[in-house]
Amino acid sequence: MSATIEETGSGMKLHTKILLGLVVGALFGILANQTLGGTHPVVEFVNTYIAGPVGQIFFRLLYMIVMPLVFASIALGVAGLGDLRQTGRVGAKTLLYFLVTTALAATVGLMLVQLVKPGTRITPEIRTGLMQTFAGDAATKVEAAQHTNFGIDTFVGIVTRNPVKSAVDGDMLGVIFFGLMFGIAMTMIAEDRARTMTRALEALNDIVIKIVDMAMRLAPYGVAGLIFGVMSRFGFDLVAPIARYVAVVMGALLLHSLITIPIIVRVLAGLSPVLFFSRIKAALVTAFSTSSSAATLPTNMAVAEQSLGVPAKISGFVLPLGATMCMNGTAIFEGITVIFLAQVFGVSLSLGGQIIVIVMSVMTAVGAAGVPGGSLPLLVGILAMFGVPGEAIGIVLGIDRILDMSRTTVNVLGDLSAAVVIGRSEGVWSPADVPTLTANGPLDETPDWAPPVAERRPPAGGRAAG
Ligand code: ASP
């Protein structure tokens, strides 16, 4: 029996260890920040030589396998679906799900920010003070925004000219497109040839998932290191002036996570939200600590397959797409931030303007890269559309990391909900497929079942799979 993401081999379960890492890292970080201060030599030392390297090694281990994983799982997913028609149907359904949930998320955020109006409380002094403090960072984002055009070229660009270069540049959509074409072509060539490639890709996939298992053993320490770094350097005094804004973003993220998604999971996937959440903790904590949907993808895939029992042909197709295209949390954040900054600058938006904010929030959430702060340059672009200076982003930059961690968690939650909903709608997954766990408590669950990934796949060869 091979170990899975849920097991550590030691007494304590991995979930518990990761959560413990999160709490310990956060507590020590806050303690260091409040007693010594974020720039104290001891704090700097710990960040430079202990917490930082451990966190970065964990992050890099996950990030290292993203591109091979995306390619292998998309190609296998598409080949597993069997033919172009089926791929088209699942693809269309998946994109529709992404769009609807993202639009729902953005709408909830917009309604909440209009209700609370946090921007009207910001005095010109606070506004100027924050903008001055973060003028340098804001200028970098404004500069980046100038290179981020969202138009026809964005779509043409998805058809990569060089998949290897796409992988090198972290252009996930390019790699996804190549994987898609590769998988489709696999279903069109002679079956025995295709089977050879399927086997090779399955082996690649299994190897990568094994690396995830190994990386996740480091997760408790990596998570602690990443959180310590954020908390020890965090300017808590920056929260106070914009506390209402932060509360609105967090409130909307919570509403989406605790009401909208659970209803969808219950109604469309037929799965108990409590069971759903209890199985996906490792993915959520990884998202929270790394602030990156892309870096969380390997963990997410392992969780979907091992802890939710979603077939590889569905999770391998839906999750890589979701990591870059389905960002519910980011849409919430973008919508709220645009309206908040418009309020701060006294720009009033008509109903039409607000609808445009929702549409733009959805589009930028689809277009944002799944990396820390990936949505910020796009946000600057939307601000400009409404006559708010791009530099205004400086007002929220000081607390962005915390918001980024939170919205990334919601992004990943949305991706996992898509995996079960699409799996159910295709008739290839049902709540009964969630592997039985020996429950010793909500955080202490270990699968009593853990065959190697390959054994759980449909027979090799795309056509055979259904
Ligand atoms: N960090 C987010 C993610 O990776 C993207 C963003 O909203 O900046 O999902």
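We count ligands from 1, going down the list as the structure has it; atoms in each ligand are counted the same way. Keep in mind that what you see is a predicted model, and the values were worked out from it rather than measured.
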Mark the output for A368 as yes if a heavy-atom distance to ligand 1 is under 4.0 Å, and as no if none is. no
Got the closest protein heavy atom to atom 2 (C) of ligand 1, with its distance? T408 OG1, 3.3 Å
At what distance is the nearest protein heavy atom to atom 1 (N) of ligand 1, and which residue and atom is it? D404 OD1, 2.7 Å
Within reach of ligand 1, part of A369 (heavy-atom separation under 4.0 Å): backbone
Atom 6 (C) of ligand 1: closest protein heavy atom, distance to 0.1 Å, is S375 OG, 3.2 Å
What do we get for V371 next to ligand 1 when only non-hydrogen atoms under 4.0 Å count, side chain, backbone, both or neither? backbone
In terms of ring plane angle, is the pair F182 and F178 parallel, tilted or perpendicular, where the classes change at 30° and 60°? tilted
Ligand 1 to S291, heavy atom cutoff 4.0 Å, flagged ligand atoms 1 (N), 4 (O)
Ligand-side contact atoms (ligand 1) for residue partner G374, heavy atom cut-off under 4.0 Å: 6 (C), 8 (O)
Using the ring centroid of each side chain, check whether Y221 and F58 are separated by less than 6.0 Å. no
Output the list of atoms in ligand 1 that are nearer than 4.0 Å to some heavy atom of S292, sorted by atom number. 4 (O)
Could you check whether any side-chain N or O of T140 sits under 3.5 Å from a backbone N or O of G136, counting only pairs where one atom can act as donor and the other as acceptor? yes
On a heavy-atom basis, which atom in I382 and which in F386 lie closest, and how many Å separate them? O-CD1, 3.2 Å
Looking only at protein heavy atoms, identify the closest one to atom 4 (O) of ligand 1 and say how far it is in Å. S293 N, 2.8 Å
Pair F340 + Y245: ring centers closer than 6.0 Å: yes
R89 atom CZ, neighbour heavy-atom count above 12 within 6.0 Å: yes
Is the shortest distance from a Lys or Arg side-chain nitrogen in R407 or D400 to a carboxylate oxygen in the other one below 4.0 Å? yes
Note: ligand 1 atoms sitting under 4.0 Å from heavy atoms of T330 are 5 (C), 6 (C), 7 (O)
Heavy atoms of T296 and S292 approach each other most closely as OG1-O, 2.6 Å
